[in-house]
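Values below: every heavy atom of this structure, side chains too, minus hydrogens, waters and symmetry copies. So that the names make sense, note that chain A is the first sequence line, chain B the second, and so on, each numbered from 1. Computed from a prediction, not measured in an experiment: that's the story for all the values here.
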Number of protein chains: 2
Amino acid sequence: MRGRPTVYEDANIVKKAQEVFWQKGYSATSLSDLQKATGAGAGSFYNTFKGGKKEVFQKAIEERRLAFDTFKTELSKSESPLELIKDFFRSIASSEENEHLKGCIIANTVVEMTFIDENLEANAVQILKEVEQMFTQAIKNEKLKGNLKTQTDPEILGRYLITFWCGLNTLRRMYPDKNVLKNQIEMQLAVIS
Amino acid sequence: MRGRPTVYEDANIVKKAQEVFWQKGYSATSLSDLQKATGAGAGSFYNTFKGGKKEVFQKAIEERRLAFDTFKTELSKSESPLELIKDFFRSIASSEENEHLKGCIIANTVVEMTFIDENLEANAVQILKEVEQMFTQAIKNEKLKGNLKTQTDPEILGRYLITFWCGLNTLRRMYPDKNVLKNQIEMQLAVIS
DNA sequence: TTATTTTTGTAATGATTGATACATAAATAG
DNA sequence: CTATTTATGTATCAATCATTACAAAAATAA
């Protein structure tokens with residue numbers, strides 16, 4: 001193939017841009033921030049992403065969706081899917097401080113973009129609903145196997161978990177503390193049993 | 001008192017600015033947005049608030065803190081404080097769509113400002129902790145009166161409620177729907193009994 | 001080699017940002 | 001009345017915003 005070789009690959013730019021967006025959100029992240037973080041100048045940046053800042057943000061969100069999809073696949077292979085979900089929540093407690101403060105980029109986007117960008121907002125909401133659906137399905141399956149004592153509708157329990165997820169991502173900014181979070185997570189997961 | 005009479009009063013500017021900040025957040029709200037919303041030009045605006053945009057935002061947050069304080073006072077006078085808290089959550093379900101989408105300005109601020117402005121962030125976290133403390137205290141009192149079956153530590157239950165509050169304010173953006181929210185709220189409140 | 005293609009780096013674009021300068025309006029005090 | 005004071009409206013500021021223009025760099029194809 002002809003042409004000057006690519007130094008700043010798409011995937012690498014998205015990865016580094018994601019970190020900045022995750023911390024600062026969409027509006028507060030400037031092109032200058034992204035150029036510093038990725039190393040790419042304006043030339044490379046707009047050559048790679050004709051859609052500019054917004055396209056990179058969408059790609060960063062999309063990458064996060066893929067991470068959730070990976071988990072979904074693991075879940076479908078798991079022998080104890082509900083334990084896998086619970087362990088996912090439990091693992092949050094022992095994150096590093098910076099991870100606590102960052103929260104969830106999808107939940108952050110829902111909060112930030114509601115009155116700013118309809119598409120970005122709707123997309124983030126959609127992803128949260130997919131995660132919720134994943135929770136709900138796992139709970140349904142477990143219930144069919146007779147592994148659940150609770151009589152609560154799996155749909156309600158799925159929404160309970162996505163609500164917890166969003167709440168937890170604010171709680172960990174209030175208390176970026178392993179012990180506090182561990183206690184809260186165990187208490188909330190006890191509802192699903 | 002001498003001088004041209006004030007047309008744009010402090011309190012009125014803050015009130016109208018709060019609505020914009022609540023919807024769009026701090027970064028995405030421009031001075032131009034605020035001038036349109038309040039009617040005040042740059043002259044009046046900076047004459048009233050020497051600290052500019054940031055000062056108005058702080059005042060808008062402070063006003064919200066006062067609203068929580070008012071609720072706290074009602075709570076201290078109430079004969080069934082826990083029911084008052086529960087009814088507060090229940091009342092959320094029947095908000096108008098716009099209110100659902102706005103969420104909670106304090107929780108929004110925690111999400112938005114973490115890596116943007118240390119002071120605004122810490123202040124918002126502090127307010128959430130005060131609300132949590134209000135929940136915790138009410139639960140403690142109710143427990144002493146023997147009105148609570150659950151053995152769970154009131155401190156954990158207080159944090160459960162503030163976590164729910166933050167999560168609910170994302171859930172209502174996913175489902176700005178009275179019935180969905182009503183079901184979720186009842187399910188989550190059932191834990192406190 | 002030369003022509004072609006693609007990426008990169010830099011300079012510049014016009015628009016918008018938050019904030020200031022300042023003259024004028026509109027009141028009261030004396 | 002005049003002097004003083006305060007609020008307002010407008011023009012303007014420098015800085016930053018996202019984006020574009022474009023020449024040079026660096027590769028391959030012929």
Side-chain angles (χ1 to χ4, degrees), chain A residues 1-21 23-61 109 112-113 115-120, chain B residues 1-61 109 112-113 115-121:
Chain A
M1 224 245 297
R2 267 198 278 217
R4 183 172 173 170
T6 303
V7 173
Y8 305 101
E9 286 176 54
D10 310 26
N12 232 287
I13 290 183
V14 170
K15 203 174 147 191
K16 288 181 175 169
Q18 190 196 53
E19 174 67 18
V20 185
F21 282 132
Q23 291 196 22
K24 305 184 66 173
Y26 181 77
S27 294
T29 297
S30 68
L31 258 294
S32 162
D33 287 332
L34 295 178
Q35 285 165 11
K36 268 180 231 157
T38 62
S44 299
F45 197 86
Y46 282 94
N47 183 54
T48 311
F49 305 100
K50 317 290 182 194
K53 178 181 167 178
K54 186 168 169 177
E55 185 187 338
V56 180
F57 186 80
Q58 284 172 319
K59 296 250 163 80
I61 293 292
T109 301
E112 183 190 357
M113 301 310 282
F115 292 89
I116 309 297
D117 187 297
E118 215 176 321
N119 295 331
L120 295 180
Chain B
M1 222 241 300
R2 267 198 278 219
R4 183 173 174 170
T6 302
V7 174
Y8 306 101
E9 286 175 55
D10 310 26
N12 233 286
I13 290 183
V14 170
K15 203 174 148 189
K16 289 180 173 169
Q18 190 197 53
E19 175 67 19
V20 186
F21 281 132
W22 203 325
Q23 292 196 23
K24 305 185 66 172
Y26 182 78
S27 294
T29 298
S30 68
L31 258 294
S32 162
D33 287 332
L34 294 178
Q35 285 165 11
K36 266 178 234 159
T38 62
S44 300
F45 196 87
Y46 283 94
N47 182 54
T48 311
F49 305 100
K50 317 290 182 195
K53 179 180 168 179
K54 186 166 170 178
E55 185 187 337
V56 181
F57 186 79
Q58 284 172 319
K59 296 249 164 80
I61 292 291
T109 301
E112 183 190 358
M113 302 310 284
F115 292 90
I116 309 297
D117 187 298
E118 214 176 322
N119 295 331
L120 295 181
E121 155 79 5

(message) Please pick, from D:dA27, C:dA11, C:dT20, the nucleotide with the shortest atom-to-atom distance to any side-chain atom of B:Ala42.
(response) C:dT20

(request) Figure out the OH/P separation between A:Tyr46 and D:dC17, and round it to whole Å. (result) 12 Å

(message) Is it true that B:Ser30 and B:Asp33 share a donor-acceptor pair across their side chains at a distance under 3.5 Å?
(response) yes

(request) Return the value, rounded to whole Å, for the distance between atom CD1 of A:Ile116 and atom P of D:dC17. (result) 17 Å

(message) Assuming nearest nucleotide by heavy-atom distance, tell me which of A:Ser32 and A:Lys50 is located more 5' along DNA chain D.
(response) A:Ser32

(message) I need the CG-C1' distance between A:Leu34 and D:dC17, as an integer number of Å.
(response) 12 Å

(request) State whether A:Ser30 places a side-chain N or O below 4.0 Å from either non-bridging phosphate oxygen (OP1 or OP2) of D:dC17. (result) yes

(message) Of the options C:dA26, C:dT6, D:dA3, whose atoms approach the side-chain atoms of B:Arg2 most closely?
(response) D:dA3

(request) Measure from CD on A:Gln35 to P on D:dA18 and round the result to the nearest Å. (result) 9 Å

(request) Mind calculating the distance between CZ (A:Phe45) and C1' (D:dT19) to the nearest angstrom? (result) 11 Å

(request) Check every atom of D:dG9, C:dA26, D:dC17 against the side chain of B:Ser44 and return the nucleotide holding the closest atom. (result) D:dG9

(request) Check every strand shown and say whether B:Ser27 touches a base, only sugar-phosphate, or nothing at a heavy-atom separation below 4.0 Å. (result) nothing

(message) In whole Å, I'd like the distance from the CG atom of B:Asn47 to the C1' atom of C:dA21.
(response) 13 Å

(request) Evaluate side-chain contact (heavy atoms from CB on, under 4.5 Å) for B:Leu34 paired with B:Thr29, printing each intermediate quantity in order. (result) CA-CA 7 Å; B:Leu34 294 178; B:Thr29 298; 3.6 Å; yes

(message) Between P on D:dT28 and CE on A:Met1, what's the gap in Å once rounded to a whole number?
(response) 10 Å

(request) Taking B:Lys16 for its side chain and B:Lys36 for its backbone only, find out whether a donor-acceptor pair lies under 3.5 Å. (result) no

(request) Quickly work out the A:Tyr8 OH to D:dA27 P distance and round it to whole Å. (result) 14 Å

(request) Would you kindly compare B:Leu31 and B:Arg4 by the position of their nearest DNA chain C nucleotide and give the one closer to the 5′ end? (result) B:Leu31

(message) Whether B:Glu55 and B:Lys59 form a salt bridge (side-chain N of Lys/Arg under 4.0 Å from carboxylate O of Asp/Glu) is what I want to check.
(response) yes

(message) Tell me if a side-chain donor or acceptor on B:Tyr8 pairs with a main-chain N or O of B:Gly39 at a distance below 3.5 Å.
(response) yes

